[in-house]
Amino acid sequence: MPKRTDIHSVLIIGSGPIVIGQSCEFDYSGTQACRALKEEGYRVILINSNPATIMTDPETADRIYIEPITPQMVEKIIERERPDVLLPTMGGQTALNTAVELVKQGVLDKYGVEMIGAKFESIQTAEDRELFKAAMENIGLKVPKGFFVKDVKEGMEAEEQLDYPIIMRPSFTLGGTGGAVAYNIDEYSDLIVKALAASPINEVLVEGSVIGWKEYELEVMRDHKDNVVIICSIENFDPMGVHTGDSITVAPAQTLTDKEYQKMRDAAMKIIRTIGVETGGSNIQFAINPKNGDMIVIEMNPRVSRSSALASKATGFPIAKIAAKLAVGYTLDEIPNDITKKTPASFEPTIDYVVTKIPRWDFEKFPGANTTLNVQMKSVGEAMSFGRNFKESLQKALRSLENGRYGLGADGKDAYDIDSAGAKTHEAILQDVIKQLRVPNAQRIFTIRDAMRLGMTVEDIHKHSYIDPWFLNNMKEIVDFEEELKKAVL
Amino acid sequence: MRIKAKLVLEDGKTYDCFSFGAEGETTGEIVFNTSMTGYQEILSDPSYCGQMIVMTYPLIGNYGISNEDFESEKPQIKAFIVKELCTYPSNWRSDTSLDALLKKHNIMGVEGLDTRAITRHIRNSGAMRAIISTKDLDVASLLEKVKQSPSMVGANLVDEVTCKKAYTWDEPNGKDWQFLENVSREHAYTIAVYDFGVKRNILRKFVERGCRLHVFPSKTKAEDILKINPDGVFLSNGPGDPEAVDYVIPEIQKLIGKKPIFGICLGQQLAGIALGGHTYKLKFGHRGANHPVKNLETGVIEITSQNHGFTVDPKSLNERDIELTHFNLYDGTLEGFRHKELPIFSVQYHPEASPGPHDSDYLFNKFMDSIENFA
């Protein structure tokens with residue numbers, strides 16, 4: 001079916017100012033969506049309070065409102081512009097939350113504005129962790145053991161039934177704000193209060209430990225004829241417990257057999273259908289127990305996400321652009337593949353390279369901030385690289401961070417002087433390194449190298465960090481090659 | 001110390017590389033596969049008999065080899081060509097490594113060469129013969145040998161991979177790997193399988209639906225198939241040029257209309273020929289797990305697993321009798337058809353997946369329906 005002709009104007013909500021957890025990735029997708037819809041001849045109306053975005057350039061949309069992204073302001077714009085439809089899935093959590101509010105207040109009904117891309121019920125089911133959990137159990141998928149708590153008392157009751165470390169995930173927040181990992185009761189009793197306060201509905205999902213499980217993401221697209229394709233699989237270098245925005249991530253998935261991957265793909269298709277995202281992209285996160293392959297569903301974002309920007313660039317499949325076209329009625333086989341131009345977009349990209357994304361932190365600008373990485377995102381940016389193997393893409397991404405490092409070591413900027421350390425210092429460094437391997441932090445990738453140079457084996461490092469031995473062995477090859485180079489005579 | 005090897009294509013293209021798996025010398029048709037997972041299923045698929053596989057995904061061996069994931073009893077390929085072999089597989093299901101598996105079965109592998117360049121070359125110049133050697137590194141001599149090796153056109157490879165004598169099969173997939181959404185296990189049908197190199201997952205899919213399977217060698221006469229009075233006949237996948245297996249055609253013709261028939265891959269090509277059509281060789285074939293196929297009956301797009309070098313020419317089929325049901329959205333080639341009156345249908349791709357997506361699993365149900373309606 002071709003595009004809809006019963007609609008003429010589309011309102012798009014941007015993501016507002018750049019904050020930790022929500023930055024320029026939504027400008028990237030929002031701009032794509034605006035252009036795609038203009039290209040189709042629709043009148044595009046945009047609200048975004050951030051003037052330093054591409055999407056607020058005059059030619060990107062027909063009407064641009066640089067105004068606060070609040071339900072009240074969006075209502076005023078709707079009253080004035082009378083758009084036919086609202087596309088809320090391009091501006092991250094801010095846009096989605098605003099749209100939900102507009103539905104609840106009856107604004108969309110009042111002005112006869114249809115929401116496209118995601119239905120209100122779908123957003124509710126995906127975002128409300130309790131509804132989501134029920135929906136997953138309904139289709140036979142597992143979710144982490146956990147409880148929804150509304151106050152501190154309920155929080156303490158839940159604590160008794162769960163194993164540490166305990167993960168706290170406040171409902172309806174962006175970038176995991178207020179989310180935390182508690183390793184003991186002291187931390188827990190402090191963090192649960194903060195987590196409850198961070199949720200706009202004072203609800204927190206308290207989950208038992210799946211720390212050490214491997215984390216995966218799938219980028220999924222669906223059209224209104226129920227065609228579903230997987231755009232990209234992503235494997236996290238950092239195991240569960242670290243926010244994906246703070247994880248080093250790799251595309252495609254590296255250590256899944258085809259049977260496991262297809263099982264995950266089947267689950268993703270079931271999830272997008274059950275949640276009812278009718279058109280567009282979604283990001284679904286899974287965890288897998290490395291010991292027996294048990295799979296659980298962590299969460300789903302019924303919108304373009306941070307990962308979809310990465311997946312778009314990693315595969316050449318412009319998720320936001322295609323999602324915008326699907327929202328106005330096209331099906332995947334009616335849209336040309338952006339790269340070949342000849343074949344349709346109804347396919348699953350296959351790549352012959354490895355893509356690595358590494359977050360960039362700026363903790364020095366936040367004195368006193370806790371630099372431990374957990375389920376609340378702390379990075380302020382990221383670098384991504386392509387390589388014909390993981391080693392190449394890792395090295396290029398590390399070099400691209402512009403934090404003064406030239407790759408995994410060999411740049412004279414190591415934290416420890418291991419070569420000239422005496423036996424006693426050696427032991428002290430080792431103890432320090434082990435401590436840093438255990439608790440995820442911004443420097444951990446370099447600490448792994450230190451650990452290898454100190455003689456720790458891949459098994460040891462895995463035991464402390466839970467990072468998959470496949471990644472560690474690749475890093476070991478880099479470290480070993482550095483030693484080989486050092487010995488080479490010019 | 002890495003052992004040097006050379007890959008020489010029949011048009012003279014030469015690639016220096018390193019050996020893994022077995023050492024020695026081997027020839028075959030060089031083709032590429034674009035699947036990012038599933039190397040084990042690929043190398044044990046009998047349809048690859050006589051072929052050297054270039055994997056376009058550069059890192060191969062990452063998750064090792066699992067005893068559950070074989071598509072036949074052993075690796076079937078002539079050689080495996082990868083960018084980088086992983087020597088430290090990491091997965092709870094892994095029983096051995098890719099290197100060890102190939103060594104055990106005396107199959108050559110090479111790595112450390114530019115697989116992207118080879119793939120581009122095959123795309124531009126077509127699939128062709130190639131030779132790999134660790135014992136002769138002289139290009140002129142290798143080129144001489146590759147030119148004398150057999151061509152894929154006219155090659156009857158079915159005789160190499162079909163079972164020597166009939167057998168029954170009753171194994172489903174392991175419990176964790178039975179993807180049985182919308183599947184009834186209640187079909188107590190007897191299926192006769194013509195084995196042209198059948199993939200085990202096809203057999204498992206039937207067993208999971210409750211069927212009893214009798215697998216027959218390719219040279220079995222139709223009369224002998226009918227003797228067991230099967231509820232349906234399945235024409236399997238397999239290697240080589242379909243027109244070289246002409247002895248099967250009259251047998252299939254005798255079965256058409258008598259029993260419901262379902263064909264996959266080579267099975268479709270043979271059904272096509274039996275119904276009066278003919279086949280031709282594709283330039284570089286379809287081998288991968290992401291091919292979009294449109295089902296014309298439903299309008300739905302299926303992401304499919306594919307592995308074929310030959311295909312049925314849709315123009316050669318009589319449109320009065322035959323309905324074309326599936327087309328490839330990449331290049332418009334025919335992916336499936338059915339007879340308008342008689343109970344016979346087939347697809348060119350692999351609904352059994354393994355490796356690949358499960359989108360087309362419904363075709364097995366369709367065969368069950370076809371049997372039910374025929375009875």
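Chain identifiers are assigned alphabetically (A, B, ...) following the order of the sequence lines, protein sequences preceding nucleic acid strands; residue numbering begins at 1 within each chain.
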Original post:
Can you tell me how far the SG atom of B:C86 sits from the CZ atom of A:F390, to the nearest 0.5 Å?
Top reply: 12.0 Å

Original post:
CG/B:D359 to CE/A:M269 distance, rounded to the nearest 0.5 angstrom?
Top reply: 4.5 Å

Original post:
Nearest 0.5 Å, what's the OH-OH distance between B:Y63 and A:Y261?
Top reply: 12.0 Å

Original post:
Relative to chain A, which segment of B:T115 carries a heavy atom at a distance below 4.5 Å: side chain, backbone, both, or neither?
Top reply: both

Subject >> Atom of A:Y353, atom of B:P58 and distance for their closest heavy-atom approach >> reply: N-CD, 3.9 Å

**OP:** Write down the atom of A:V354, the atom of B:Y57, and the distance for their closest heavy-atom approach.
**Re:** CG2-OH, 3.4 Å

Original post:
Can you say whether A:I230 sits under 4.5 Å from chain B via the side chain, the backbone, both, or neither, judging by heavy atoms?
Top reply: neither

Subject >> Toward chain A, the part of B:Y330 with a non-hydrogen atom under 4.5 Å >> reply: both

Subject >> From CG (A:D294) to CG (B:D176), nearest 0.5 Å >> reply: 8.0 Å

Subject >> Contact summary for A:K291 and B:W92, nearest pair of heavy atoms >> reply: O-CB, 3.6 Å

Subject >> Side chains of A:T257 and B:D69 in contact at under 4.5 Å (non-hydrogen atoms) >> reply: yes

Original post:
Just by distance, with hydrogens left out, do A:D258 and B:Q40 show a side-chain donor and acceptor under 3.5 Å apart?
Top reply: no

**OP:** Step through the shown structure and confirm whether more than 12 heavy atoms of other residues, nucleotides or ligands are within 6.0 Å of OH on A:Y466.
**Re:** no

Original post:
Atom NZ in A:K259, atom CD in B:E41: separation rounded to 0.5 Å?
Top reply: 5.0 Å

**OP:** Measure across A:K391 and B:E84 and return the closest heavy-atom pair with its distance rounded to 0.1 Å.
**Re:** NZ-OE2, 2.7 Å

**OP:** Output the option from A:S233, A:P252, A:P469 having the highest count of non-hydrogen pairs under 4.5 Å with chain B.
**Re:** A:P252

Subject >> Close side-chain approach of A:E260 to B:R93, heavy-atom, < 4.5 Å >> reply: yes

Original post:
Do the side chain of B:N91 and the main chain of A:T255 share a donor and acceptor less than 3.5 angstrom apart?
Top reply: yes

Subject >> B:K104 atom NZ: more than 12 heavy-atom contacts under 6.0 Å >> reply: no

Original post:
Taking the side chain from A:N227 and the backbone from B:I301, do they hold a donor-acceptor pair closer than 3.5 Å?
Top reply: yes

**OP:** Side chain from CB out, backbone as N, CA, C, O: work out which of these in B:S354 comes under 4.5 Å of a heavy atom of chain A, or both, or neither.
**Re:** both

Original post:
Which atoms of A:N474 come close to chain B, meaning under 4.5 Å heavy atom to heavy atom: side chain ones, backbone ones, both, or neither?
Top reply: both

Subject >> Atom group of B:R116 that falls short of 4.5 Å from chain A, counting heavy atoms >> reply: both

**OP:** Tell me, for A:K342 versus chain B, whether the close heavy atoms (under 4.5 Å) come from the side chain, the backbone, both or neither.
**Re:** neither

Original post:
Around B:K366, counting heavy atoms of other residues, nucleotides and ligands shown, do more than 12 lie under 6.0 Å from its NZ?
Top reply: yes

**OP:** Please check if the side chain of B:N62 supplies one atom and the backbone of A:Q254 the other of a donor-acceptor pair under 3.5 Å.
**Re:** yes

Subject >> Interatomic distance, A:E348 atom CD to B:I303 atom CD1 [nearest 0.5 angstrom] >> reply: 5.0 Å

Subject >> Shortest non-hydrogen contact from B:L329 toward A:S346 >> reply: CD1-OG, 3.5 Å

**OP:** Kindly determine whether A:D333 and B:K294 satisfy side chain to side chain contact (heavy atoms under 4.5 Å, CB included), including the steps that lead there.
**Re:** CA-CA 9 Å; A:D333 57 323; B:K294 189 156 187 165; 2.5 Å; yes

Subject >> Evaluation steps, salt bridge (charged side-chain N to carboxylate O under 4.0 Å, His left out), between A:D352 and B:R120 >> reply: CA-CA 12 Å; A:D352 70 350; B:R120 289 186 73 105; over 6 Å; no

**OP:** Would you check, one step at a time, whether the test salt bridge (charged side-chain N to carboxylate O under 4.0 Å, His left out) holds for B:D114 with A:R388?
**Re:** CA-CA 10 Å; B:D114 188 350; A:R388 284 282 275 165; 3.7 Å; yes

**OP:** Please state whether the side chain, the backbone, both or neither of B:D331 comes within less than 4.5 Å of a heavy atom of chain A.
**Re:** neither

Subject >> Residue A:F347 versus chain B: region with a heavy atom under 4.5 Å >> reply: both

Original post:
For the residue pair B:F179 and A:D266, what are the closest heavy atoms and their distance?
Top reply: CD2-OD2, 3.5 Å

Subject >> Residues B:S90 and A:D468: side-chain donor-acceptor under 3.5 angstrom >> reply: yes

